[in-house]
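We name chains A, B, ... by the order of the sequence lines, and we start the count at 1 in each one. Note that the structure is a prediction, hence the values are computed from the model and not measured.
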Number of protein chains: 2
Amino acid sequence: MRLKDNKKKEAIFNAAIELTGELGLNKITMSAIAEKAQVASGTLYIYFNSKEQLFNELYKRLISEGTLAILPAVEHLPIKQQLSTIWSNVLEFRTSNAAEVAFMHEFRYSPLLDDDTKKIDSLFVDHIRRLLEAGREELIVKNLSDDILIPLMYGYVDNLARHLTHKGIKLTPEIVRQTFIICWDAIKA
Amino acid sequence: MRLKDNKKKEAIFNAAIELTGELGLNKITMSAIAEKAQVASGTLYIYFNSKEQLFNELYKRLISEGTLAILPAVEHLPIKQQLSTIWSNVLEFRTSNAAEVAFMHEFRYSPLLDDDTKKIDSLFVDHIRRLLEAGREELIVKNLSDDILIPLMYGYVDNLARHLTHKGIKLTPEIVRQTFIICWDAIKA
DNA sequence: CTTAAAACCGAATCTATATTCAGTTAATTC
DNA sequence: GAATTAACTGAATATAGATTCGGTTTTAAG
């Protein structure tokens, strides 16, 4: 008997990512993915039960390999430094992996996103939440609810990265520095 | 001969908005819109050429009646006051018109959005751009590019409003005040 | 009151794609 | 190296839903 080929699964994922970059999530068909991955359309169903499952699995992988891997092992650093490092990493990741980020962003708001996948999303936010709490205890972060502070950071980084990518502005250390200052000015006590 | 019934068009728009609130943009069918608006599906095509046109027209209307109407006639006020008033209005609008905002948000990232409609979006941003420029001249706003400042304001208000709505948190004057302070701390010189 | 034209209806059509499946190929095991 | 079994193929199927269209109703105009 024959075994599944892991490289084939990679090829399928890559095809999906590339096609999102080229066409946008909603114009992608299973046939197009199959063609780009150099397999027959029926083969996709050996590796995935459905289009929905394919995308959800890809999304989860990108979140864990991309976003979560961004959280550095920097627990020994002061709060502000930790936030600064994370800020820099996230911005870097988001502006240098255009196709992946496009996929993640489009999929996040698509009807295909399933309930299970939604949970993964919160891991990253939870980490930020803990940092902010620590910052409040040290009296260096404004004593305001997470509901008010987190949308600032999350909304800014998301919008900023998309804006820069969209306008073809290359991320420079100077931009990273300036934007973090803005962000910190916003939340510092 | 018979004339088009303007109330019917309203009913169609309202049906589309309500259905977005109930089901999300992507689950909406022309038949469902027709049913909720109490017309036959064929009738939709008397008023609109296609589903795409229907949604684009609705989106444009919501932008101009909603978002643009938010820009108050406050040109005589100091920059900071103007920004504060706009901030308050946008937040108020975004949290108290859940179905409309859901539609606008979902449609904004949907494949149906056409090029022409995209242009309308920028009117609001242009207004903010002019305010920031004036603020920089007065040395009260950080001397940084719009590409860096605008995503902060836009990303924050967008994310914040969605977050509050999603978590069922009612917008209070205190939240408006606190969030504007955050925003202003971020951009002030 | 008549007539013409356009709104209106909703069943039938058309289309795009996700998914299936019968047949074929390749790799694993003994 | 034969048998077995799962991967693999891609044409055929199934289906959802946008759009069309022939027939019907309404109303403005004369």
Please tabulate, one pair per line, all N/O donor-acceptor pairs under 3.5 Å involving side-chain atoms of residues 181-189 of chain B, not counting sequence neighbours.
| from | atom 1 | to | atom 2 | distance (Å) |
| --- | --- | --- | --- | --- |
| B/Asp185 | OD1 | B/Lys188 | NZ | 3.2 |
| B/Asp185 | OD2 | A/Lys142 | NZ | 2.8 |

Once you round it to whole Å, what is the distance between [atom2] of [N] and [atom1] of [X]?
| X | N | atom1 | atom2 | value |
| --- | --- | --- | --- | --- |
| B/Leu25 | D/dA18 | CG | P | 11 Å |
| A/Gln38 | D/dC8 | CD | C1' | 14 Å |
| B/Leu3 | C/dA4 | CG | P | 18 Å |
| A/Ile33 | C/dT19 | CD1 | C1' | 13 Å |
| A/Lys51 | D/dA16 | NZ | C1' | 13 Å |
| B/Asn26 | D/dA18 | CG | C1' | 16 Å |

Charged N to carboxylate O under 4.0 angstrom, [X] versus [Y]?
| X | Y | value |
| --- | --- | --- |
| A/Glu10 | A/Lys7 | no |
| A/Lys60 | A/Asp114 | no |
| B/Arg162 | B/Asp158 | yes |

**Complete:** B/Gln82 meets the side chain to side chain donor-acceptor pair (under 3.5 Å) criterion, sequence neighbours left out, with none
**Prompt:** Is there a residue in residues 104-113 of chain A whose heavy atoms reach under 4.0 Å of DNA chain D, and which residues are they?
**Reply:** none
**Request:** Check each residue of residues 4-23 of chain B for a non-hydrogen atom within less than 4.0 Å of any atom in DNA chain D, then write out the ones that pass by number, or none.
**Result:** none
**Prompt:** If you look at every strand shown and take non-hydrogen atoms under 4.0 Å, does A/Ser41 touch a base, only sugar-phosphate, or nothing?
**Reply:** base
**Prompt:** Under 4.0 angstrom, heavy atoms only, what part of the nucleic acid is B/Ile28 near: base, sugar-phosphate, or nothing?
**Reply:** sugar-phosphate
**Prompt:** Going by number, which of residues 42-49 of chain B have a non-hydrogen atom under 4.0 Å from DNA chain C?
**Reply:** B/Gly42, B/Thr43, B/Ile46, B/Tyr47
**Request:** Counting heavy atoms from C-beta on, name the nucleotide in D/dT19, C/dA27, C/dC9 closest to the side chain of B/Val39.
**Result:** C/dC9
**Request:** Taking only the side-chain heavy atoms of A/Arg2 (C-beta and beyond), determine which of C/dA18, C/dC8, D/dA7 contains the nearest atom.
**Result:** D/dA7
**Message:** Is the distance from the ring center of A/Phe48 to that of A/Phe13 below 6.0 Å?
**Reply:** yes
**Complete:** Of B/His127, B/Arg129, B/Glu133, the one forming a side chain to side chain contact (heavy atoms under 4.5 Å, CB included) with B/Leu131 is B/His127
**Asked** How many angstroms lie between CG in B/Asn159 and CG in B/Leu164, if you round to the nearest 0.5 Å?
**Response** 10.0 Å
**Which residues share a side chain to side chain contact (heavy atoms under 4.5 Å, CB included) with B/Ala16, sequence neighbours left out** = B/Ile33, B/Leu54, B/Phe55, B/Leu58
